[in-house]
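Convention: sequence-line order gives letters A, B, ...; per-chain numbering from 1.
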Amino acid sequence: MPMRSIEQVLAEVETFAGLERRHLDRIAGCGHNCGFAAGETIAREGDRADTFYVIRHGRVALETPAPAGGPLLIATLGDGAVVGWSWLFPPYRWTFDARAIEDTRAIAFDGACLRGKCDSDHELGYVLMQRFAEIILDRLQAARLQLLDVYGEPAAG
Amino acid sequence: MTPRPWRVTGRRRETADSWTLDLEPADDGAPMSFLPGQFNMIYAFGIGEAPISISGDPGADRPLVHTVRDVGAVSAAICRAAPGEVLGVRGPYGSAWPVAALGGRHVLIVAGGVGLAPLRPALRAALERRRELAGLTLLLGGRTPADLLFRDELEELGADPRLELAISVDSAGSGWRGHVGVVTTLIDDLDLDPARATALLCGPEVMMRFAAQALIGRGMDRGDIYLSMERNMKCAVTQCGRCQLGPAFVCREGAVMRYCDIERVLGLREV
Ligand SMILES: Cc1cc2nc3c(=O)[nH]c(=O)nc-3n(C[C@H](O)[C@H](O)[C@H](O)COP(=O)(O)OP(=O)(O)OC[C@H]3O[C@@H](n4cnc5c(N)ncnc54)[C@H](O)[C@@H]3O)c2cc1C
């Protein structure tokens, strides 16, 4: 497979699609390729969130520890998904565990590096916030639907 | 309007609150022929009647199969009916999934919860005619892995090269290998040529509404999306008006309807 630069990969990820080249370049400058084996922990709830990930290929589970029966799976994320937004806001702590459930290739972004660029380039900051707000909105909508427990209601089908 | 007696010849537990029943005629009458998507009125003697979709294989004329979730007095009595007991059945009623018109199409079945029951006959029919289809996908949503119907069959379908299967549950333990999240996210990830796809949806109305919107978001035509509207009904023969959806009666025009025909009333609590 030909090597593709991080900018090229990002341009094909829905979250970053259509961004101007100069913005993609600046974002890509804070990223590096990484990999996780199936089962490997990527982040732990409460840990400092200095990094976020874009999944190139694989699958990641967001989990929360439960008192009995092991962790509870909250969501699974696949190719192109962004994992983590806690790097954006103080206190910069992960709110869930993230664990690879398949061998996963990803791009890891240095949150502090990107925050620094956003602080000095508000236009970049604005487009990035817009894109992240969209992800957060999607996940909020999904979480609401999950909370509605639509399958639990009587005669639901 | 008089129910025929059918004897329970098999009973399988699907989930904590759902059972599948096999029924054979208890009179000298013929077995029932039906179209995928149709339902029967099932009468638990002395308790009451409920519309229940046929969940069996339309290719096999017996037994007659229904999958029922215990949510109240009548459905509980049907779920309790043990082999040897007799239930009253009248039907089949209602419209059908457009199985005859699926040639050349990518058939996309989206089911949530007990909604898989009325879609199972359509799935069996589609598998039977798989060579004529452009593709066959089953997207399944459920509360937890333990709440999924037909689990043994799903396991087999997961390994069946004729079908692309993805399951997403609202929550799961860490041993679960499928997806966790709302079923609409599976639609976003789908390899889909919207002009060639026909979608068959059944599940909670909220789920169907969001699934239909996600499919339209992917470019699908409203007329290529079919839903089974399992609004409560009483008589099943357009007399009582209980299942009226605007000008339509679910028991006559439905339960299977096209999204373009009911979009306006879908999501209203009582119409
Ligand atoms: C065309 C059609 C096909 C159906 N197919 C199936 C099937 O295959 N399997 C199955 O388990 N159920 C199916 N149902 C739903 C089933 O008919 C009802 O669950 C049953 O009538 C409830 O009666 P009950 O006396 O057990 O509960 P009730 O005491 O009448 O109701 C219990 C609770 O469920 C609610 N409720 C009842 N019926 C519905 C409904 N249709 N939609 C939303 N909420 C409802 C009531 O408001 C109440 O809160 C279908 C319904 C229709 C209209």
**Request:** Can you establish whether the number of heavy atoms outside A/Glu40 located under 6.0 Å from its atom CD is more than 12?
**Result:** yes
**Message:** Taking atom CD as the centre, does A/Gln8 end up with more than 12 heavy-atom neighbours from other residues, nucleotides or ligands that are less than 6.0 angstrom away?
**Reply:** yes
[X] side, atom [atom1]; [Y] side, atom [atom2] - distance, nearest 0.5 Å:
{"X": "A/Glu63", "Y": "B/Ser171", "atom1": "CD", "atom2": "OG", "answer": "12.5 Å"}
{"X": "A/Tyr151", "Y": "B/Asp147", "atom1": "OH", "atom2": "CG", "answer": "10.5 Å"}
{"X": "A/Leu148", "Y": "B/Asp170", "atom1": "CG", "atom2": "CG", "answer": "9.5 Å"}

**Fill in**
Hits for side-chain hydrogen bond (donor to acceptor under 3.5 Å, both in side chains) against B/Tyr226, two or more places apart or cross-chain, chain-then-number order -> none
**Asked** Going by residue number, which parts of residues 17-36 of chain A are within reach of chain B, meaning a heavy-atom gap below 4.5 Å?
**Response** none
**Complete:** Taking a cut-off of under 4.5 angstrom between non-hydrogen atoms, the residues of residues 111-142 of chain A near chain B are A/Gln141, A/Ala142
**Within residues 176-190 of chain B, residues adjacent to chain A where the heavy-atom gap is under 4.5 Å** = B/Trp176, B/Arg177, B/Gly178, B/His179, B/Val180, B/Gly181, B/Val182, B/Val183
**Request:** Examine whether an atom of A/Leu72 lies under 4.5 Å from a heavy atom of chain B, and if so say whether it belongs to the side chain, the backbone or both; otherwise answer neither.
**Result:** both
